[in-house]
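First the structure, in the form of structure tokens, and then the observations on it.
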Amino acid sequence: MKSYDVAVIGGGIIGITSAFFLSRLGKKVVVLEQGCLATRTTANSFAWINASSKAAKGDYHQLNASGLAGYNELAQEFGEEPLGLNPCGQLYVVRTNDDTRYHELRQRWELLQEKNYPTAWVEAKELPNLEPSINFNQEYEALYNFGELCLDAPRFSRFLAEQIRIKGGVVLENTEVLELDISSSGHIRGLRTKIETLEAEKILLAAGASSAEMLAQLTGFSGFANRFPLNKSPGLLVTTPNLSPRKLTRRVIYWEQTPDLHILPHFSGGWRMGADDTDGVIANDDTEENRRAAAGSLLERARERIIGFPETLSINDCSIGVGIRPVPEDGISIADVLPGSENFFVVVTHSGVTLSPILGKLMAEFMESGTRPRELLPYSLTRFPGFQ
Ligand SMILES: Cc1cc2nc3c(=O)[nH]c(=O)nc-3n(C[C@H](O)[C@H](O)[C@H](O)COP(=O)(O)OP(=O)(O)OC[C@H]3O[C@@H](n4cnc5c(N)ncnc54)[C@H](O)[C@@H]3O)c2cc1C
């Protein structure tokens with residue numbers, strides 16, 4: 001029987017990054033992915049690496065800021081290009097006559113400055129220099145988070161998978177984990193796939209949005225399917241085809257207005273966009289008709305706001321993706337050992353693109369040493385009723 005120090009279930013960005021840091025600690029790892037690497041939520045993510053949207057969230061803001069720092073460290077080592085990193089920065093633009101939102105954004109700016117976050121306020125006259133293709137009409141100002149990035153998340157995951165292999169680890173695709181191998185005394189010895197049983201000293205579940213169902217299936221305790229504190233929140237993203245040599249927008253841009261629009265330059269040479277209200281439409285009723293209507297509305301918003309956005313581009317030219325966000329019930333990450341077990345760990349989170357370098361690193365340290373790093377204290381499962 002093949003034997004590993006750690007088996008990681010799930011080849012999304014969270015599982016791969018955790019396995020990468022485990023292999024750096026000298027652990028013999030195997031990653032098991034039921035489909036192809038990074039093709040589920042990780043592939044259907046906006047993939048903006050940021051801590052500015054969590055400015056008011058104390059420890060969680062700090063965790064996200066550490067995620068950004070983690071990417072910068074990896075970029076120093078491997079370079080931005082192979083990792084799929086674009087250090088483009090991000091702008092929240094707001095109308096100066098929208099008192100409520102303007103005030104909220106100024107408050108966020110103050111909070112970020114208190115945290116020494118790389119951020120600046122941009123006056124109306126300076127905005128066209130930053131984004132010449134946006135029709136600002138002098139009525140907008142912006143919060144500029146110049147240290148933020150965006151990521152080609154599948155490319156990043158595949159690159160780290162290669163690093164795992166170089167270190168002697170194993171990354172298996174098309175390998176679904178069916179159940180745990182548990183001894184008569186209740187000790188988890190390993191896991192079973194359709195083809196084989198693998199021995200593993202420790203197991204990490206990184207199954208994203210299907211974590212609750214997976215816990216139920218793997219442990220044979222069906223109660224986990226309902227008891228595990230995880231919500232699923234769908235999000236719709238439209239990606240245009242390659243529009244080069246157009247420049248259009250350069251940064252991640254959030255319009256703080258109704259209807260909103262989030263847009264970023266995608267690695268394919270096109271642009272990726274989404275919005276909160278269009279997510280709401282498909283969350284209520286995810287039909288093909290609703291997807292196309294939501295996508296059409298996003299293209300219309302982009303056409304109105306971006307000078308040079310192609311007039312004739314239609315949704316038939318674009319790809320429409322729906323990703324399922326794994327969102328723990330209180331909105332922040334779960335990164336813990338399963339209470340009652342010594343060797344079965346779980347990590348699941350929203351903002352997993354931002355967080356993967358720090359959560360992966362901390363989980364690797366936790367699993368290696370058996371001692372929970374201080375930074376992981378707020379993310380235990382025991383904060384939820386039913387796990388205390
Ligand atoms: C629309 C949208 C926008 C987003 N925008 C951002 C953003 O801007 N910034 C940000 O930081 N985050 C963002 N997120 C969140 C982020 O994308 C996710 O938190 C992250 O991708 C989760 O990664 P994961 O590895 O946990 O999940 P996944 O990518 O879903 O990976 C889990 C993997 O586990 C595998 N698996 C499950 N069960 C088994 C089994 N039994 N055996 C083997 N394999 C199994 C699945 O096949 C899957 O590949 C966004 C998400 C969405 C949907």
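For ligands, and for the atoms within them, numbers begin at 1 and follow the listed sequence. Treat the numbers as computed from the prediction; the structure is a model and nothing was measured.
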Subset of ligand 1 atoms that lie under 4.0 Å from at least one heavy atom of Gly208: 26 (O), 27 (O), 32 (C)
What atoms in ligand 1 come closer than 4.0 Å to a heavy atom of Gly235? 1 (C)
Apply side chain to side chain contact (heavy atoms under 4.5 Å, CB included) to Leu298 and Leu261, showing your working. CA-CA 7 Å; Leu298 290 172; Leu261 176 68; 4.0 Å; yes
Electrostatic pair Lys361-Glu375, nearest N-O below 4.0 angstrom: no
Quick test: of every protein heavy atom, which one is nearest to atom 14 (N) of ligand 1, and how far off is it to 0.1 Å? Ser45 OG, 3.4 Å
So does Asp277 pair up with Arg301, basic N to acidic O under 4.0 Å? yes
Before we go on, tell me: are the rings of Tyr254 and Trp48 under 6.0 Å apart, centre to centre? yes
Should the pair Asp286-Arg291 be classified as a salt bridge under the 4.0 Å nitrogen-to-oxygen rule? yes
Taking the ring of Tyr102 and the ring of Trp121, is the distance between their centroids below 6.0 Å? yes
Candidates Ser351, Ala153, Ala38, Ser18; heavy atom nearest atom 10 (C) of ligand 1 found on Ser351
Residue pair Leu376, Asp336: steps toward the side chain to side chain contact (heavy atoms under 4.5 Å, CB included) verdict: CA-CA 8 Å; Leu376 285 186; Asp336 202 359; over 6 Å; no
Which bit of Ala43 gets closer than 4.0 Å to ligand 1, counting heavy atoms only: side chain, backbone, both or neither? neither
Looking only at non-hydrogen atoms, which of Gln34, Met214, Lys232 approaches atom 41 (N) of ligand 1 most closely? Met214
Could you name the option among Thr39, Thr42, Ile324 that has the heavy atom nearest to atom 21 (O) of ligand 1? Thr42
Could you tell me whether Ser233 and ligand 1 have an N or O pair separated by under 3.5 Å? no
How close does the nearest protein non-hydrogen atom get to atom 31 (O) of ligand 1, and which residue and atom is it? Gly12 CA, 3.3 Å
Using a strict cut-off of 4.0 Å, indicate which atoms of ligand 1 neighbour a heavy atom of Gly323. 53 (C)
Looking only at distance, does Ile14 have an N or O less than 3.5 Å from an N or O of ligand 1? yes
With a heavy-atom distance limit of 4.0 Å, tell me whether Ala206 approaches ligand 1 through its side chain, its backbone, both, or neither. backbone
What atoms in ligand 1 come closer than 4.0 Å to a heavy atom of Thr349? 19 (O)
From Tyr71, Phe159, Phe156, residue fulfilling ring-ring contact (aromatic ring centres under 6.0 Å, His included) relative to Phe78: Phe159
Take Ser185 and His187 through the side chain to side chain donor-acceptor pair (under 3.5 Å) test and state the conclusion after the steps. CA-CA 6 Å; Ser185 63; His187 179 71; over 6 Å; no
Between ligand 1 and Ile13, can you find any atom pair, the residue atom being a heavy atom, that is separated by under 4.0 Å? yes
Step by step, work out the side chain to side chain contact (heavy atoms under 4.5 Å, CB included) result for Val353 and Ile49. CA-CA 7 Å; Val353 169; Ile49 298 166; 4.1 Å; yes
Residue portion contacting ligand 1 (non-hydrogen atoms closer than 4.0 Å) for Leu32: backbone
Taking the basic N atoms (NZ, or NE/NH1/NH2) and the acidic carboxylate oxygens, is any pair closer than 4.0 Å for Arg24 and Glu73? no
Flag the pair Glu81 and Arg155 as a salt bridge only when some basic side-chain nitrogen lies within less than 4.0 angstrom of an acidic carboxylate oxygen. yes
What are the two closest non-hydrogen atoms of Met363 and Ala335, and how far apart are they? SD-CB, 3.6 Å
Which one holds for Gln217 and ligand 1: side chain close, backbone close, both close, or neither close, with close meaning a heavy atom under 4.0 Å? neither
Should the proximity of Thr175 to ligand 1, defined as any heavy atom under 4.0 Å, be assigned to the side chain, the backbone, both, or neither? backbone
Taking 4.0 Å as the limit for heavy-atom contacts, which would you say applies to Asn44 with ligand 1: side chain only, backbone only, both, or neither? backbone
Nearest-neighbour protein heavy atom for atom 34 (O) of ligand 1, which is reported as residue plus atom name and distance: Gly10 CA, 3.3 Å
For the 3.5 Å polar cut-off, considering only N or O atoms, please tell me whether Val177 and ligand 1 meet it. yes
What is the nearest protein non-hydrogen atom to atom 47 (O) of ligand 1, stated with its residue, atom name and distance? Glu33 OE2, 2.7 Å
Per-atom contacts of ligand 1 with Trp48, taking only distances under 4.0 Å to non-hydrogen atoms: 7 (C), 8 (O), 9 (N), 10 (C), 11 (O)
My understanding is that we take every heavy atom of each candidate and find the minimum distance to atom 16 (C) of ligand 1. Doing that for Pro154, Gly11, Gly352, which one comes out nearest? Gly352
Per-atom filter on ligand 1: closer than 4.0 angstrom to a heavy atom of Leu237 are 1 (C)
Could you give the distance from CZ (Arg95) to CD (Glu256), rounded to the nearest 0.5 Å? 12.0 Å
Where does Ser210 meet ligand 1, judged by heavy-atom distances below 4.0 Å: at the side chain, the backbone, both, or neither? side chain
Winner among His350, Glu179, Arg325 once heavy atoms are compared against atom 15 (C) of ligand 1: His350
Identify, by atom number and element, the atoms of ligand 1 in contact range of Phe46, meaning under 4.0 Å from any of its heavy atoms. 3 (C), 4 (C), 5 (N), 8 (O)
Look at the aromatic rings of Tyr379 and Tyr60 and report parallel, tilted or perpendicular, splitting at 30° and 60°. tilted
For Arg303 and Glu300: C-alpha separation, side-chain torsions, deciding distance, then whether salt bridge (charged side-chain N to carboxylate O under 4.0 Å, His left out) applies. CA-CA 5 Å; Arg303 226 187 305 277; Glu300 220 29 67; 3.6 Å; yes
